[in-house]
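In this text, all values refer to a predicted model and were calculated from it rather than measured experimentally.
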Amino acid sequence: MAVDEGLVAWVTEALEPVGKVTMRRMMGGATLYMDGTIFGIVHDGELWFKADEESNALWDEAGYRERFTVTFSTGMTDTMNYRRAPADVYDDADALREWAAHGIAAGQRAPKKKPKKR
């Protein structure tokens, strides 16, 4: 499955005043990073922002309860705490920055993974 390069370009452009967005292909889509901190996923032409215990109530109150679910080739599914982005982020840079900020903050609060020992 191809990554929606146009959507990634839009997110990168809209968030340029905030910081540098980079992407890593995975799970048939791409993970998005802001200055090295993961904050979002692009999958099947949809944008999802990272959420956590601190931001879950905000997403729920705004009516964005759906969480990202991926189905692996083995048939196993996994639900992750990424929330579907509101529709207005696809054409409103201010809305994109507002909602992405919640994802960036959740990413910054996440525990840092320790490097694997060799």
Side-chain angles (χ1 to χ4, degrees):
M1 186 171 304
V3 173
D4 186 335
E5 299 287 346
L7 180 53
V8 173
W10 162 244
V11 172
T12 301
E13 178 184 329
L15 293 180
E16 190 172 35
V18 179
K20 181 177 172 69
V21 174
T22 56
M23 151 187 116
R24 180 175 166 211
R25 293 174 190 273
M26 61 189 305
M27 300 182 301
T31 52
L32 301 177
Y33 298 82
M34 170 63 66
D35 298 325
T37 297
I38 188 166
F39 74 93
I41 296 173
V42 172
H43 193 269
D44 286 342
E46 298 284 339
L47 180 59
W48 302 79
F49 290 123
K50 187 170 185 63
D52 62 6
E53 289 301 316
E54 190 171 322
S55 66
N56 281 337
L58 172 92
W59 289 97
D60 291 343
E61 288 171 19
Y64 304 111
R65 291 181 170 83
E66 186 177 0
R67 293 175 189 210
F68 178 75
T69 301
V70 63
T71 302
F72 298 97
S73 59
T74 61
M76 185 183 91
T77 61
D78 188 21
T79 300
M80 302 162 73
N81 200 7
Y82 286 80
R83 303 298 185 102
R84 184 184 299 274
D88 59 347
V89 304
Y90 294 93
D91 59 10
D92 181 341
D94 290 330
L96 177 66
R97 285 189 288 272
E98 175 187 342
W99 286 101
H102 299 300
I104 295 165
Q108 291 170 335
R109 287 189 295 266
K112 304 298 179 218
K113 292 185 179 180
K114 295 179 183 177
K116 293 180 182 179
K117 293 184 180 181
R118 295 181 184 222

Y64 and W59 aromatic ring geometry - parallel, tilted or perpendicular at 30°/60° bounds: perpendicular

message: Does any part of the side chain of R83, heavy atoms only, come nearer than 4.5 Å to the side chain of E66, both counted from C-beta?
response: no

query: In terms of side-chain heavy atoms, does T79 have a donor or acceptor partner in T69 at a distance below 3.5 Å?
result: yes

- line: Nearest heavy-atom contact between N56 and A51 is OD1-CB, 3.7 Å

message: Determine whether a donor-acceptor pair (N or O, by modelled atom type, separation under 3.5 Å) exists between the side chain of D35 and the backbone of K20.
response: yes

task: Using the side-chain contact (heavy atoms from CB on, under 4.5 Å) rule, pick out the option among R109, H102, Q108 that qualifies with D52.
output: R109

- prompt: Under 6.0 Å between the ring centres of F68 and W48?
  reply: yes

message: Counting C-beta onward and ignoring hydrogens, is there a side-chain heavy-atom pair between D92 and E98 closer than 4.5 Å?
response: no

- line: Closest non-hydrogen atoms of F39 and V11, given as atom of the first, atom of the second and distance, are CZ-CG1, 4.1 Å

Nearest-0.5 Å distance that lies between atom CD1 in I41 and atom CZ in R84: 12.0 Å

message: Looking at every heavy atom in both K50 and A106, which two are closest together, and how far apart are they?
response: O-CB, 3.7 Å

- prompt: L96 versus F49: any side-chain heavy-atom pair under 4.5 Å?
  reply: yes

- prompt: Do W99 and L47 touch side chain to side chain, with heavy atoms closer than 4.5 Å?
  reply: no

query: Going by heavy atoms in the side chains, are Y82 and I38 under 4.5 Å from each other?
result: yes

- request: Quick one: pull up CG in L32 and CZ in R24 and give me the separation to the nearest 0.5 Å.
  value: 12.5 Å

query: Looking only at heavy atoms, which two atoms of A30 and M23 are closest? And how far apart?
result: CB-CG, 3.6 Å

message: For P17 versus R97, what's the shortest heavy-atom pair and its separation?
response: CG-NH1, 4.2 Å

field: Min side-chain heavy-atom separation D91-W10 under 4.5 Å
entry: no

message: For E16, is the CD atom crowded, meaning more than 12 foreign heavy atoms sit under 6.0 Å from it?
response: no

- prompt: If you round to the nearest 0.5 Å, how far is CG of D94 from CG of D88?
  reply: 10.0 Å

